[in-house]
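Would you mind keeping the following structure in view while I ask a few things?
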Amino acid sequence: MNATVISYGIYLAIALPLTIWVARNLFRNGRIFLVDCFHGNELLADSVNQLLVMGFYLINFGFVALYLKLADEVQDVRGIFEALSGKLGVVLLVLGAMHFFNLLVFTKMRKRATWDQAPPPMPPAGIVRAKV
């Protein structure tokens with residue numbers, strides 16, 4: 001078995017469990033945030049949370065698979081570490097970017113939800129006329 005194939009195996013052995021770990025943490029810790037976004041509707045929040053995790057898995061597993069191929073043949077142990085550091089670094093950046101994108105979307109949803117729950121504005125008390 002050559003060093004390139006070993007690099008592929010190590011990359012998958014690290015990237016896939018890392019993706020699962022991030023998804024589980026987002027699922028577990030994001031529930032409270034989603035319940036608040038959906039006005040306390042726990043069934044809707046749980047359903048959306050499941051759908052988000054499924055989409056997260058599909059996108060990230062797809063990215064990990066597409067990003068598997070190395071441009072150059074790996075020759076030695078140093079090459080394995082260099083290839084893995086570059087590949088895993090990009091995977092971590094993509095995971096982080098997806099996390100922040102999700103936070104941005106749900107923060108906007110949460111803001112909109114609080115505006116919908118706000119009392120209506122006060123009617124004007126009277127007409128103010130300018131002095132001429």
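Below, all heavy atoms of this structure are taken into account, side chains as well, without hydrogens, waters or symmetry copies. This one's a predicted model, so the numbers in the text were calculated from it and none came from an experiment.
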If hydrophobic clusters are built by linking Ile, Leu, Val, Met, Phe, Trp and Tyr wherever their side-chain heavy atoms come under 4.5 Å apart, do Leu93 and Met98 end up in the same one?
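The answer is no; the residues belong to distinct hydrophobic clusters.
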
Would Tyr57 and Val53 satisfy side chain to side chain contact (heavy atoms under 4.5 Å, CB included), going step by step from the backbone distance to the final call?
CA-CA 6 Å; Tyr57 280 139; Val53 168; 3.4 Å; yes

When rounded to the nearest 0.5 angstrom, what distance separates CZ in Phe27 from CG in Leu52?
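Nearest 0.5 Å value for the CZ-CG distance: 10.0 Å.
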
What is the distance from atom OG of Ser85 to atom CG of Leu92, rounded to the nearest 0.5 Å?
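The OG atom of Ser85 sits 11.0 Å away from the CG atom of Leu92.
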
Counting only heavy atoms not in Arg28, do more than 12 sit closer than 6.0 Å to its CZ atom?
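Yes, because the 6.0 Å sphere around CZ of Arg28 holds more than 12 heavy atoms from other groups.
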
Would you say Val105 and Val35 are hydrophobically clustered, going by side-chain heavy atoms of ILVMFWY under 4.5 Å?
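Each belongs to a different hydrophobic cluster.
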
Identify the heavy atoms of Gly30 and Asn49 that sit nearest to each other, and give their distance.
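So the two residues come closest at C-ND2, 4.4 Å.
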
Minimum heavy-atom distance between Leu68 and Tyr8, given as atom pair plus value:
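Heavy atoms of Leu68 and Tyr8 come nearest at O-CE2, 3.2 Å.
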
How long is the straight-line distance from CH2 of Trp21 back to CG of Leu26, given to the nearest 0.5 Å?
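Taking CG in Leu26 and CH2 in Trp21, the distance rounds to 9.0 Å.
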
Specify the closest pair of heavy atoms between Ala23 and Phe56, including all atoms of both residues, with the distance to one decimal.
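Looking at all heavy atoms of both residues, the shortest contact is CB-CD2, 3.5 Å.
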
Between Phe61 and Leu16, which heavy-atom pair has the shortest distance, and what is it?
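Nearest pair, atom of Phe61 first, then Leu16: CD2-CD2, 3.4 Å.
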
Does Val64 offer a backbone N or O that forms a donor-acceptor pair with the side chain of Tyr11 under 3.5 Å?
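Here the side-chain-to-backbone pair exists.
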
Ignoring hydrogens, what is the shortest heavy-atom contact between Val74 and Gly79? Give both atom names and the distance.
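Scanning both residues completely, I find the closest heavy atoms to be CG1-C, 3.5 Å.
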
Find the distance between CG (Asn60) and OG1 (Thr19) and round it off to the nearest 0.5 Å.
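These two atoms lie 5.0 Å from each other.
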
With clusters defined by side-chain heavy atoms of hydrophobic residues (ILVMFWY) lying less than 4.5 Å apart, directly or transitively, does Ile10 cluster with Leu66?
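Different clusters: Leu66 never reaches Ile10 through Ile, Leu, Val, Met, Phe, Trp or Tyr contacts under 4.5 Å.
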
Give, for atom CG of Leu70 and atom CD1 of Ile80, the distance between the pair rounded to the nearest 0.5 Å.
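The CD1 atom of Ile80 is 10.0 Å from CG of Leu70, to the nearest 0.5 Å.
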
So does Leu43 get a backbone contact from the side chain of Ser47, meaning a donor-acceptor N/O pair under 3.5 Å?
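Not confirmed, Ser47 side chain does not pair with Leu43 backbone.
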
Examine distances only and state if a side-chain atom of Lys87 and a backbone atom of Lys69 form a donor-acceptor pair shorter than 3.5 Å.
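A pair under 3.5 Å: yes.
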
Cluster question for you: counting only ILVMFWY and a side-chain heavy-atom cut-off of under 4.5 Å, with indirect links fine, are Val5 and Phe81 together?
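Each belongs to a different hydrophobic cluster.
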
Would you please test Asn2 and Glu73 for side chain to side chain contact (heavy atoms under 4.5 Å, CB included) and show each step?
CA-CA 9 Å; Asn2 68 17; Glu73 189 73 23; 3.0 Å; yes

Find out if a path of hydrophobic residues (ILVMFWY) with successive side-chain heavy-atom gaps under 4.5 Å connects Ile59 to Leu103.
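Not linked; separate clusters.
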
How many angstroms lie between atom CG of Leu51 and atom CG of Asp46, to the nearest 0.5 angstrom?
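That separation rounds to 11.0 Å.
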
